[in-house]
Amino acid sequence: MIVMNDQTCMVDMARFFMDFIQDESCGKCTPCREGTRRMLEVLEKITHGHGEPGDIDLLEELSDMIKNSALCGLGQTGPNPVLSTLQYFRDEYEAHIHEKRCPAKRCAALVKFEVNADVCTKCGICSRSCPAGAIQWQKREPAFIVKDKCVKCLSCITNCPADAIS
Ligand code: SF4
Ligand code: SF4
Ligand code: SF4
């Protein structure tokens, strides 16, 4: 059992499991060997901000084909993480593809890394958690991210108690 919260991106989670399936595929049958590779490419494209209309249909078509024609249980169940996230979190796929936005703020390519000064509580936690020294902060002042220094590690977003970083 894996417990997730609203900081887990369901598209990225599906990409992670498809990467695992692709690694584990023995390559004996074409649907699993090639189909999971194609699915992984589509998921990587979406999480990197290059998703296109039609990608969801393509994922469903490939899933159907793999489930119905793969030789063993690995391939037959491999698309399940994609199908179940599409069933219950389709809006997250659509946000990635159509709005170039990751609702869970996990896909670095789709996160802007800006501090909302109106929401920032001026605590300085993000500044202390930044490994790149990219966040300027002084007492009683909102934090400020120097974009040129940011390495998109997501640490500030994860640690900000006020959800002030987009
Ligand atoms: S479905 Fe099974 S037999 Fe076919 S490539 Fe995948 S792991 Fe190998
Ligand atoms: S994403 Fe990482 S490197 Fe960029 S500002 Fe936040 S903590 Fe610093
Ligand atoms: S952690 Fe969040 S609330 Fe605290 S200074 Fe940084 S952006 Fe502001």
Min side-chain heavy-atom separation Glu99-Leu110 under 4.5 Å: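 The answer is no, as the side chains (C-beta and beyond) never meet within the 4.5 Å cut-off.
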Of the non-hydrogen atoms in [X] and [Y], which two are nearest, and what is the gap between them?
X: Lys100; Y: Gly51; result: NZ-O, 2.7 Å
X: Gly78; Y: Met18; result: O-CE, 3.6 Å
X: Val119; Y: Ala162; result: CG1-O, 3.4 Å
X: Cys107; Y: His96; result: SG-NE2, 3.4 Å
X: Ile135; Y: Cys126; result: CD1-O, 3.5 Å

Less than 4.0 angstrom from a charged side-chain N to a carboxylate O is my criterion; do Glu41 and Arg15 meet it?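 Salt bridge flag = no for Arg15 with Glu41.
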Can we say Arg38 and Glu34 salt-bridge, meaning some charged N sits less than 4.0 Å from an Asp/Glu carboxylate O?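 Answer for the salt bridge query: yes.
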Single-linkage hydrophobic cluster, 4.5 Å side-chain cutoff, Val11 and Leu62 together: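 Yes, same cluster.
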Is Tyr93 reachable from Val111 through a run of hydrophobic residues whose side-chain heavy atoms are each under 4.5 Å from the next?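 No: no chain of side-chain contacts under 4.5 Å links Val111 to Tyr93.
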Mark yes when over 12 heavy atoms from residues, nucleotides or ligands other than Lys28 sit less than 6.0 Å from its NZ; otherwise mark no.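 No.
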Would you find more than 12 non-hydrogen atoms of other residues, nucleotides or ligands less than 6.0 Å from Glu44 atom CD?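 For Glu44, atom CD is crowded (more than 12 foreign heavy atoms under 6.0 Å).
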What do the steps show when you test Ile56 against Glu94 for side chain to side chain contact (heavy atoms under 4.5 Å, CB included), and what is the final call? CA-CA 8 Å; Ile56 292 177; Glu94 290 171 346; 4.0 Å; yes
Please check if the side chain of Thr36 supplies one atom and the backbone of Cys32 the other of a donor-acceptor pair under 3.5 Å.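 Yes; judged by distance alone, with no hydrogens or angles, the pair exists.
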Worked check of side chain to side chain contact (heavy atoms under 4.5 Å, CB included) between Leu71 and Gln76: CA-CA 7 Å; Leu71 279 179; Gln76 290 159 7; 5.8 Å; no
Are Arg106 and Thr158 linked by a side-chain donor-acceptor pair shorter than 3.5 Å?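 The criterion, which ignores hydrogens and geometry beyond distance, is satisfied for Thr158 and Arg106.
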Which side-chain N or O atoms in residues 137-150 pair as donor and acceptor under 3.5 Å with protein atoms at least two apart or in another chain?
| unit_1 | atom_1 | unit_2 | atom_2 | d |
| --- | --- | --- | --- | --- |
| Trp137 | NE1 | Lys122 | O | 3.2 |
| Trp137 | NE1 | Glu141 | O | 3.2 |

